[in-house]
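Letters go in sequence order (proteins before strands), and every chain restarts at 1. The shown structure was predicted, so the numbers you read here are calculated from the model rather than taken from an experiment.
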2 protein chains.
Amino acid sequence: MELRHQVAVTLAEVAEAAGVGESTVSRVLRSHGSFSDKTRERVMAAVERLGYVPNRIAGTLASAGSRLVAFVIPSLSNIVFPDVLRGASAVLEENRHQAVFAVTDYDPQKEEALVASMLAWRPAAVVLAGCEHTEGTAKMLRASGCRIVELLDLDGEALDIAVGFSNRAAGHASAEFLLTRGYRRIGYVGHDLIRDTRAGKRFKSFCETLGMHDVPLVDREIVAGASSVENGQVGLEQLLARTPALDAVYFSNDDMALGGYFHCLARGIHIPSRLALFGYNGLDIGRVTPQPLSTVRTPRVATGRVAAQLIVENAPSQIVDLGFELIEGATA
Amino acid sequence: MELRHQVAVTLAEVAEAAGVGESTVSRVLRSHGSFSDKTRERVMAAVERLGYVPNRIAGTLASAGSRLVAFVIPSLSNIVFPDVLRGASAVLEENRHQAVFAVTDYDPQKEEALVASMLAWRPAAVVLAGCEHTEGTAKMLRASGCRIVELLDLDGEALDIAVGFSNRAAGHASAEFLLTRGYRRIGYVGHDLIRDTRAGKRFKSFCETLGMHDVPLVDREIVAGASSVENGQVGLEQLLARTPALDAVYFSNDDMALGGYFHCLARGIHIPSRLALFGYNGLDIGRVTPQPLSTVRTPRVATGRVAAQLIVENAPSQIVDLGFELIEGATA
DNA sequence: ATGAAAGCGCTAACAT
DNA sequence: ATGTTAGCGCTTTCAT
């Protein structure tokens with residue numbers, strides 16, 4: 001690994017080798033401005049021969065126009081965010097932009113620190129989850145002059161661009177669905193609702209909708225820790241131990257609901273006649289379980305894609321509601 | 001959004017406002033070199049007042065030492081890679097490094113293009129999956145002078161640092177396990193083995209081990225498309241339609257195995273007495289299914305963490321074998 | 001069509 | 001302890 005210390009080839013060296021000026025090399029490399037075919041060939045030959053790799057750090061500094069897009073996301077364990085990144089990175093790569101990311105663990109203070117850190121890269125845009133941020137985060141972002149994209153939560157004030165759907169509407173639709181199916185003794189199994197504000201909004205709206213129909217939520221179980229299949233299992237087990245006479249359970253998301261589903265399978269609790277289960281997210285796996293999971297499918301990849309598209313075309317401030325889809329499934 | 005066009009505060013302006021020289025501001029901000037307490041206070045006050053955010057683009061260019069770490073990964077759908085990123089990003093954030101990423105879709109040509117693109121950011125390290133790369137990729141990487149970290153596959157030549165385990169050993173262990181349990185009519189359900197070379201290595205070694213015991217693989221079903229729960233379902237269904245008399249099936253990974261498991265649950269195929277199932281990865285969800293999935297658990301998060309640690313401490317070239325764990329489970 | 005030269009905002013000697 | 005200055009490698013006027 002002696003090569004490690006070698007010095008990178010610079011544009012000046014390419015210019016020298018090609019016998020042209022630096023600006024000519026720059027023009028050729030970016031196909032910008034004018035130059036003769038012969039010049040281009042000589043430059044490209046030199047680039048090839050020297051193995052020149054342009055230094056984008058220098059380029060960005062000189063042109064004051066960054067093609068970096070910073071993602072400050074709550075988690076990588078929750079499949080939602082890899083899905084969003086997937087949609088976004090495809091579009092960004094096509095448009096010669098570059099994704100940078102950092103993980104907040106659902107901590108607003110950490111989000112603030114990471115946004116500050118990201119801003120130091122002078123990104124073209126900062127992409128965040130939701131519209132709940134600290135004062136400091138919002139202030140920095142507004143002062144930065146870069147585009148701000150908030151994803152997956154339209155229930156609040158957007159700073160610039162927002163792409164996603166309404167979690168309140170999702171919670172509402174879920175409650176209406178269960179009520180329409182005739183369920184009246186409904187419980188809830190969820191994870192930390194303070195940190196995951198979007199899950200909190202769904203739950204709140206879910207309860208309000210039940211209330212409007214004079215069907216109070218019978219019981220709830222909030223597990224410690226992040227959402228996971230295992231926690232869904234444990235949560236449902238504890239909920240049922242305390243309140244056996246439920247006819248339906250709403251989960252904070254599909255991971256949790258799958259845990260509940262497995263619990264029922266293992267215990268021989270018949271679904272949905274004895275107990276109905278309803279999730280959120282519409283994960284692929286929920287379509288393949290012996291009984292497809294009843295849930296709300298969210299446009300995660302599309303959210304990333306649309307967000308990236310708006311960024312690369314420097315679209316005006318706007319709110320894009322991508323909606324969601326209620327999946328009837330067979331568990332409710 | 002009129003703020004968008006505002007010009008960022010520079011270090012020079014902070015220096016001016018604080019009535020000190022530029023280098024003093026730089027020293028204070030990086031807590032490097034010496035300065036009086038009084039000076040520090042004045043500088044910090046100015047920073048606060050002006051809302052100064054250091055420009056890391058300029059800083060990196062000037063100091064020729066990048067804290068960027070570039071991840072060029074095959075996929076974000078396969079949970080393996082979000083897991084690796086998760087482990088890595090935690091360590092990188094603690095050490096003031098920054099993760100950048102791009103997705104290859106398991107395409108070596110695309111990997112080459114993305115590596116070239118990443119190198120333009122002059123990262124401290126480039127992190128790749130596996131040790132199979134195009135000539136061009138390897139050449140560029142070696143010529144770049146930056147650290148190279150290859151993950152999740154120790155069965156090959158490492159360019160610089162490699163962290164992970166042996167897929168061949170995993171395939172071998174899986175076969176030995178099934179044989180020890182007495183299974184003799186074994187099939188395989190997998191996805192594209194050309195693109196996912198690590199799955200290919202596991203399968204090859206699996207077959208070789210069976211062969212060493214004179215137990216040929218009875219049949220295999222390679223589904224079109226990426227690995228997924230749904231494809232695992234479909235794959236097993238087709239395999240059994242063609243070759244019903246199997247007593248065990250090895251899957252390319254847990255996603256596929258879960259699909260197979262659901263298929264059996266739905267069809268009332270008793271597990272493991274009628275058919276045994278064996279996966280790969282050790283996903284959390286496999287621990288919570290009514291019968292825990294028999295599989296090999298891989299150290300995905302740890303792989304990311306160790307890789308990041310070696311990068312931040314600029315460790316010497318080395319191979320780190322993190323091993324894997326065979327999970328007996330209840331499906332085989 | 002091409003080159004010269006002035007930055008971009010910072011860091012790192014080198015002075016003082 | 002602090003200021004001055006010369007770059008880092010590129011892009012971008014502005015000449016020619």
Side-chain angles (χ1 to χ4, degrees), chain A residues 6-44 46-47 50-68 96 119-124 144-146, chain B residues 6-44 46-47 50-68 96 119-124 144-146:
Chain A
Q6 74 191 87
V7 180
V9 179
T10 68
L11 183 142
E13 298 176 71
V14 175
E16 165 108 64
V20 301
E22 295 188 31
S23 48
T24 301
V25 176
S26 178
R27 285 189 204 99
V28 170
L29 258 27
R30 289 173 302 128
S31 325
H32 183 277
S34 51
F35 43 82
S36 68
D37 276 9
K38 207 181 101 202
T39 302
R40 195 194 55 241
E41 274 160 37
R42 289 174 56 189
V43 169
M44 295 316 281
V47 164
L50 300 179
Y52 172 67
V53 177
N55 183 332
R56 219 171 284 171
I57 300 273
T60 303
L61 180 60
S63 68
S66 159
R67 287 173 170 278
L68 283 176
R96 307 156 45 82
L119 254 15
W121 288 103
R122 299 292 187 269
S144 73
C146 75
Chain B
Q6 74 192 87
V7 180
V9 179
T10 69
L11 183 142
E13 298 176 70
V14 173
E16 165 108 62
V20 300
E22 294 188 32
S23 51
T24 301
V25 176
S26 178
R27 286 188 204 101
V28 170
L29 258 28
R30 289 173 303 129
S31 323
H32 182 277
S34 51
F35 44 81
S36 70
D37 277 8
K38 208 181 100 202
T39 302
R40 198 196 52 244
E41 273 160 36
R42 288 174 55 188
V43 168
M44 294 315 281
V47 164
L50 300 179
Y52 172 67
V53 177
N55 183 331
R56 219 172 281 171
I57 300 275
T60 303
L61 180 60
S63 68
S66 159
R67 290 174 170 278
L68 282 177
R96 306 156 45 84
L119 253 16
W121 288 103
R122 298 291 187 271
S144 73
C146 75

Check [X] against [Y] and note the closest heavy-atom contact, atom names and distance.
| X | Y | answer |
| --- | --- | --- |
| B/A17 | B/A46 | CB-CB, 4.2 Å |
| B/A124 | B/C146 | O-CB, 3.7 Å |
| A/R96 | A/R67 | O-CD, 3.3 Å |

Between the first and last five pairs of the helix from C/dA1-D/dT16 to C/dT16-D/dA1, the angle of the axes, rounded to 10 degrees:
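Here the local axes at opposite ends form an angle of 30°.
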Can you pull the contact range of chain A along DNA chain C, 5' to 3', using atoms under 4.0 angstrom from its heavy atoms?
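Boundary nucleotides touching chain A, in 5' to 3' order, are C/dA1 to C/dG9.
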Under 4.0 Å, heavy atom to any atom of DNA chain D: which of residues 51-65 of chain B qualify?
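Under 4.0 Å from DNA chain D: B/L61, B/A62.
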Contact residues, residues 9-22 of chain A to DNA chain D [heavy atom, < 4.0 Å]:
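Listed by number, they are A/T10, A/L11, A/E22.
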Non-neighbouring partners of [X] that pass side-chain contact (heavy atoms from CB on, under 4.5 Å), sequence neighbours left out:
| X | result |
| --- | --- |
| B/V9 | B/E13, B/V14, B/L50, B/Y52 |
| A/V20 | A/A18, A/T24, A/V25, A/T39, A/V43 |
| B/R40 | B/V28, B/F35, B/D37, B/M44 |
| B/A62 | none |

Strand contacts (DNA chain C) in residues 27-42 of chain A, 4.0 angstrom heavy-atom criterion:
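Contacting residues: A/R27, A/S34, A/F35, A/S36, A/T39.
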Which nucleotide span of DNA chain D, 5' end to 3' end, has atoms closer than 4.0 Å to non-hydrogen atoms of chain B?
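In short, chain B contacts DNA chain D from D/dA1 to D/dG9.
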Which pairs count as salt bridge (Lys or Arg N to Asp or Glu O under 4.0 Å) when at least one residue sits in residues 20-32 of chain A, sequence neighbours excluded?
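The answer is none; no pair qualifies.
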Just how far is it from atom OG1 of A/T60 to atom CZ of B/R56, taken to the nearest 0.5 Å?
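Here the interatomic distance stands at 14.5 Å.
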Answer whether the closest heavy-atom distance between the side chains of A/R122 and A/L61 falls below 4.5 Å.
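SC-SC contact between A/R122 and A/L61 ruled out.
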